[in-house]
Enquirer: 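I am attaching a structure below and will ask some questions about it afterwards.
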Amino acid sequence: MGYHNRIIFKGKYGEFSKIEEEMDELKNAIEQNNKILTICELSDLIGAIEAFAEKQGVTLKDLKDFSDLTKSAFKEGKR
C-alpha cells in the first residue's frame with residue numbers, strides 16, 4: 001500500500017481523475033498527521049492540476065494570476 005493506509009484509486013495523468021487521486025492522497029496524509037507526506041501530496045496535486053489545465057489551454061501561470069486577482073478582490077472587500 002505504500003505511504004497510504006487506505007486504498008486510493010489511481011487517476012490518469014492529465015485527466016481530472018488524477019486531481020481526485022492526489023486530493024485523496026492529500027486527505028490521507030493529513031489524516032495520518034504526516035507533514036512530509038502532506039508536502040509531497042501538495043506538490044503532486046499542483047502537478048496534476050497543471051497537466052489538466054494545460055489540456056484545457058491554460059497555464060499554471062494563468063491560474064496563479066487569476067488566483068492572485070481573486071485574492072486581491074477579497075482583501076479589498078470587493079466580493
Enquirer: Thinking salt bridges, do Glu15 and Lys18 make one under a 4.0 Å N-O criterion?
Expert: no
Enquirer: Does any pair with a residue in residues 25-50 pass salt bridge (Lys or Arg N to Asp or Glu O under 4.0 Å), and if so which ones, sequence neighbours excluded?
Expert: Arg6-Glu31, Lys10-Glu25
Enquirer: For the residue pair Ser17 and Gly11, what are the closest heavy atoms and their distance?
Expert: OG-CA, 3.4 Å
Enquirer: With rounding to the nearest 0.5 angstrom, report the CG to CG distance, Leu42 to Leu45.
Expert: 7.0 Å
Enquirer: Grab the two heavy atoms, one from Phe52 and one from Phe16, that are nearest each other, plus how far apart they are.
Expert: CD1-N, 3.5 Å
Enquirer: How far does CD1 of Ile19 sit from CD of Glu22, to the nearest 0.5 angstrom?
Expert: 9.5 Å
Enquirer: If we check side chain to side chain contact (heavy atoms under 4.5 Å, CB included) with Asn28, which of these qualifies: Ile7, Asn34, Thr38, Ile8?
Expert: Ile8
Enquirer: Just how far is it from atom CG of Asp65 to atom CG of Leu60, taken to the nearest 0.5 Å?
Expert: 10.0 Å
Enquirer: How long is the straight-line distance from CG of Asp62 back to OG of Ser67, given to the nearest 0.5 Å?
Expert: 12.5 Å
Enquirer: Which heavy-atom pair separates His4 from Leu37 by the least distance, and what is that distance?
Expert: CE1-CD2, 3.9 Å
Enquirer: Taking Thr70 for its side chain and Phe66 for its backbone only, find out whether a donor-acceptor pair lies under 3.5 Å.
Expert: yes
Enquirer: Indicate, with yes or no, if Ile30 and Ile49 share a hydrophobic cluster defined by side-chain heavy-atom contacts under 4.5 Å among Ile, Leu, Val, Met, Phe, Trp and Tyr.
Expert: yes
Enquirer: What closest approach, in Å, do Asn5 and Gln32 show between heavy atoms, and which atom pair accounts for it?
Expert: ND2-CG, 3.6 Å
